[in-house]
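In what follows, a single structure is set out as structure tokens and then discussed.
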Protein chains: 2
Amino acid sequence: MVKVLSLKSFNLRHTECRESVLHAFSYCKAALSQGDLEQSIDDKYDRVTIYRTLKTFLEKGIIHKILDGQGGTKYALCETSTCTSETHQHDHVHFKCKLCGDTTCINSVNIPSISLPKGYQREEINLLIEGSCPNCQ
Amino acid sequence: MVKVLSLKSFNLRHTECRESVLHAFSYCKAALSQGDLEQSIDDKYDRVTIYRTLKTFLEKGIIHKILDGQGGTKYALCETSTCTSETHQHDHVHFKCKLCGDTTCINSVNIPSISLPKGYQREEINLLIEGSCPNCQ
DNA sequence: CTGTGTGCAAACACTTTGCAGGTGT
DNA sequence: ACACCTGCAAAGTGTTTGCACACAG
């Protein structure tokens, strides 16, 4: 069930830090912040390097940004089928558990279509639901 | 068409800064950030005072927080009928125009109901649509 | 008069930038 | 060999906290 991603397939140079970050995303269901990553890799890499790695991955369409509702930023893997370095395509719901703090993509739930008043052109949509997750009952 | 709000009705002490902030919200359709407010009041009040005023207004249910999709935070007036110091109740769509940067509440469009997988309890919901607004064609 | 609001300075968290040196291909 | 990654230091942005003084009620 774990996605197998390789740096090579994204035309990225193979480095230890990138491997570790990619690995962390692959094995963690919840979205990760820069701080989460720094810790999960045991402070082995500089804060700045992780930021730059995230930026690179964003541009390549490997991960996408998730806002956690309180101003924090997290990241999670994209659906490999819909995202490339050209375009990101996300229409799933994000859920943040107020108890454990985990933020996750609920890929099984798509955002319903919404008709806006005349004159509004929709380009991107972002839906965050906060509440409690199954693990926290 | 402009909402008339008074500090007194919220049991708040009447001060110049609060009046100005409340006034700014009343006359501006788009959501305002702390920085917007600071400028719109001609840097007359300290940055910190505005933050504290916003915090107070949030707690009283006068305004609500809006995320602008890039990590920025803005604020806009609540519907006086649904928000109190006890609870905030928001189920309208937020729209951010990528051209003019304005973020607005679209009170006429409610968020459709969404059924989450088993075990997820919804408490709050936040929907941000980005695109272009009528003013920017 | 009393409690609350304000201004200033400083701390804090998060993210970005510049530069020198190291590494993948 | 060369381009690109990385680490360190420092700067930038947005927000919060502590404290002394000012002001509304």
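FYI, side chains are in, hydrogens and waters are out, and symmetry mates aren't considered; it's all heavy atoms of this structure. In what follows, every chain begins at residue 1, and chains take the letters A, B, ... in the order their sequences are listed.
- Counting only heavy atoms from C-beta outward, the side chains of A/L128 and B/I125 never approach each other to under 4.5 Å.
- Taking for each of B/G72 and B/L12 the nucleotide of DNA chain D with the nearest heavy atom, the 5'-most of the two is the partner of B/G72.
- Taking only side-chain atoms of A/T49, from C-beta outward, the nucleotide of D/dG7, D/dC4, C/dT15 with the closest atom is D/dG7.
- Rounded to an integer number of Å, the gap from A/E59 CD to D/dC5 P is 10 Å.
- Residue B/T53 has its side chain nearest to C/dT6 when only D/dA24, C/dT6, D/dT15 are considered.
- The separation between B/K74 atom NZ and D/dT15 atom P is 11 Å, rounded to whole Å.
- Nearest to the side chain of B/R13, among C/dG3, C/dT17, C/dG24, sits C/dG3.
- The closest side-chain heavy-atom distance from B/C28 to B/S40 is not below 4.5 Å.
- Put simply, CD on B/E19 is 11 Å from P on C/dT6, counting in whole angstrom units.
- One can place CD of A/Q39 at 13 Å from P of C/dA13, the figure rounded to the nearest angstrom.
- Side-chain to base pairing of A/R18 with C/dG24: no donor and acceptor N or O lie closer than 3.5 Å to each other.
- Counting heavy atoms from C-beta on, the side chains of A/Y75 and A/S33 never come closer than 4.5 Å.
- A salt bridge is absent between B/D68 and B/K74: the closest approach of a Lys/Arg side-chain nitrogen to an acidic carboxylate oxygen does not fall below 4.0 angstrom.
- Rounding to whole angstrom units, CG of residue B/L37 and C1' of D/dT15 are separated by 14 Å.
- Rounded to an integer number of Å, the gap from CG of A/L54 to P of D/dT6 is 12 Å.
- Taking only side-chain nitrogens and oxygens, A/Y51 never comes nearer than 4.0 Å to OP1 or OP2 of C/dT16.
- Here A/T15 does not reach the OP1 or OP2 of C/dT23: none of its side-chain N or O atoms lies under 4.0 Å away.
- Contact between the side-chain N/O atoms of A/T73 and the OP1/OP2 oxygens of C/dT15 is found at a separation under 4.0 Å.
- The residue among B/H14 and B/Y75 whose nearest nucleotide of DNA chain D is located toward the 5' end is B/Y75.
- Rounded to whole Å, atom P of D/dT6 lies 11 Å from atom CD1 of A/I41.
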Show, in sequence, the C-alpha distance, side-chain angles and deciding distance for B/T87 and B/Q89, and conclude whether the side-chain contact (heavy atoms from CB on, under 4.5 Å) test is met.
CA-CA 6 Å; B/T87 48; B/Q89 177 69 40; 5.7 Å; no

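- Regarding B/D46, its CG atom lies at a distance of 16 Å from the P atom of D/dA22, rounded to whole Å.
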